[in-house]
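Here the structure is laid out as structure tokens; the discussion comes afterwards.
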Amino acid sequence: MRTTCADGIRGLKKQDVCAKGKLAEGHVFHRKTLKEFAARMNEAHGNRRTKAVGSYKCHKITVWRVLRKRLKMKPYVIQLVQQLKQEDYGKCMNYATFMQESMEDETMADRLIFSDESTFHISGKVNRYNSRIWGTEKSFTVIDHERDSAKVNSVFCAISSRKLYGPFFFSERSVTSNVYLDLLEVWFMPQLDSDSTDYIFLQDGAPPHWSTEVRTFLNQHLPKRRIGRSGDADDVFCSWPPISPNLTPCDFFSKGLCERDGVCATHVQNS
């Protein structure tokens with residue numbers, strides 16, 4: 001919308017109807033005019049908004065003031081997100097309420113085991129949305145961007161308040177339910193059981209986690225000790241909410257640690 005409004009404003013400026021930010025003689029935004037203007041802006045989409053703005057002969061500053069101050073409009077950036085169904089809102093609220101109440105137990109945080117999978121580029125490319133650089137001055141470092149750089153297919157990592165599990169590098173090109181089940185049975189669960197018998201395993205709703213084989217194994221091995229996507233027959237501590245943002249320590253600590261220390265690059269060079 002920012003580009004569209006800018007184009008419309010430039011069109012108004014070319015008409016040279018107003019000068020020095022003042023309205024042309026006899027041109028006033030009446031209430032009826034405001035309603036018509038708002039209706040055209042709400043109904044128009046894309047380039048049609050340029051024509052909607054262009055029909056009112058006024059200075060660009062006047063258009064901006066009407067949009068922002070009189071009509072209380074804002075220039076929103078288009079984003080693609082997953083749709084939440086009506087019943088999903090209640091599930092998300094129930095999850096947040098349940099976890100907030102559970103955190104009143106002082107031992108709850110120490111029992112949680114967060115887990116996640118990710119893909120890493122070995123050229124130094126990082127996820128700028130999750131990365132933060134702390135310093136007294138703004139950094140102006142420039143690095144070369146390598147297109148289609150080599151990357152590690154998939155890496156599994158888990159973290160608790162006491163220990164970091166992994167990273168575990170999958171040799172397969174994609175993580176299927178059978179591959180993920182082998183990871184749990186052979187590598188991950190034996191470590192958890194040797195460290196403690198009182199923990200809660202958290203995983204997101206990725207397709208490999210939702211397979212019947214994986215859910216059957218976790219129901220038998222971790223009854224009432226798992227947070228994840230679940231069905232009516234699953235025995236979980238708490239169900240993972242639909243379309244969750246999945247903001248866990250794995251996103252903000254362990255992945256950044258692997259990228260910073262070059263763990264993934266070393267793995268690719270040695271493999």
Side-chain angles (χ1 to χ4, degrees), residues 80-82 112-132 143 145-160 162-195 199-219 221-222 225-231 234 236 239-271:
L80 297 178
V81 297
Q82 293 176 303
L112 287 174
I113 308 292
F114 300 93
S115 69
D116 201 0
E117 299 90 24
S118 182
T119 299
F120 290 87
H121 293 263
I122 65 174
S123 61
K125 180 179 179 181
V126 298
N127 185 346
R128 64 181 184 275
Y129 297 103
N130 289 342
S131 300
R132 298 291 182 270
I143 61 174
H145 176 71
E146 182 180 352
R147 294 178 61 88
D148 301 325
S149 62
K151 59 183 180 181
V152 181
N153 290 330
S154 293
V155 182
F156 173 87
C157 188
I159 186 174
S160 68
R162 304 182 184 89
K163 185 176 180 180
L164 177 67
Y165 298 89
F168 180 90
F169 298 91
F170 293 96
S171 59
E172 294 79 6
R173 296 183 61 86
S174 60
V175 180
T176 63
S177 58
N178 292 331
V179 173
Y180 184 69
L181 181 59
D182 290 339
L183 164 73
L184 296 178
E185 293 179 333
V186 179
W187 183 81
F188 188 50
M189 288 301 168
Q191 295 186 65
L192 294 182
D193 294 337
S194 63
D195 293 338
Y199 60 86
I200 298 175
F201 174 55
L202 186 150
Q203 62 178 9
D204 58 22
H209 307 167
W210 177 242
S211 69
T212 304
E213 295 79 7
V214 172
R215 290 157 54 196
T216 301
F217 169 76
L218 293 176
N219 288 334
H221 194 79
L222 298 176
R225 289 193 295 152
R226 171 171 65 95
I227 299 176
R229 185 181 176 187
S230 61
D234 293 325
V236 297
S239 295
W240 185 260
I243 319 299
S244 171
N246 189 21
L247 301 178
T248 69
C250 296
D251 295 284
F252 299 97
F253 169 72
S254 57
K255 292 180 182 179
L257 179 66
C258 293
E259 292 175 344
R260 185 195 68 188
D261 295 346
V263 176
C264 295
T266 305
H267 170 76
V268 173
Q269 294 173 359
N270 295 336
S271 59

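When reading the values below, keep in mind they use all heavy atoms of this one structure, side chains included, and skip hydrogens, waters and symmetry mates.
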By side chain to side chain donor-acceptor pair (under 3.5 Å), Ser160 pairs with (sequence neighbours left out) none
Which residues pass the side chain to side chain donor-acceptor pair (under 3.5 Å) test with Arg215, sequence neighbours left out? Asp234
Atom CG of Leu183 and atom CZ of Phe170: how far apart are they, to the nearest 0.5 Å? 4.5 Å
Give the ring-plane orientation class for Phe217 versus His221, where under 30° counts as parallel, over 60° as perpendicular and anything between as tilted. parallel
Rounded to the nearest 0.5 Å, what's the gap from CG on Leu222 to CD1 on Ile113? Could you check? 10.5 Å
If I take atom CG from residue Leu202 and atom CG from residue Asp116, how far apart are they, to the nearest 0.5 angstrom? 9.5 Å
Using side chain to side chain donor-acceptor pair (under 3.5 Å) as the criterion, list what pairs up with Asn178, not counting sequence neighbours. none
Return the set of residues passing salt bridge (charged side-chain N to carboxylate O under 4.0 Å, His left out) with Asp182 (not counting sequence neighbours), or none when no residue passes. none
Those residues at least two apart in sequence (or on a different chain) that pass ring-ring contact (aromatic ring centres under 6.0 Å, His included) with Phe201 are Phe188
CD1-CZ distance between Ile227 and Phe114, expressed to the nearest 0.5 angstrom: 7.5 Å
Closest approach of Val175 and Pro208, non-hydrogen atoms and distance? O-CG, 3.3 Å
Value rounded to 0.5 Å, distance of NE2 in His209 from CG in Leu218: 9.5 Å
Checking side chain to side chain contact (heavy atoms under 4.5 Å, CB included) between Cys250 and each of Asp204, Ile159, Leu164, which is the one that passes? Ile159
What residues form a side chain to side chain donor-acceptor pair (under 3.5 Å) with Ser177, not counting sequence neighbours? none
Flag, side chain of Ser239 to backbone of Arg229, donor-acceptor distance under 3.5 Å: no
Hey, what's the ring geometry for Trp187 with Phe168, parallel, tilted or perpendicular (30° and 60° as the breaks)? tilted
Would you compute the distance between atom CD of Gln203 and atom CH2 of Trp210 and round it to the nearest 0.5 angstrom? 11.0 Å
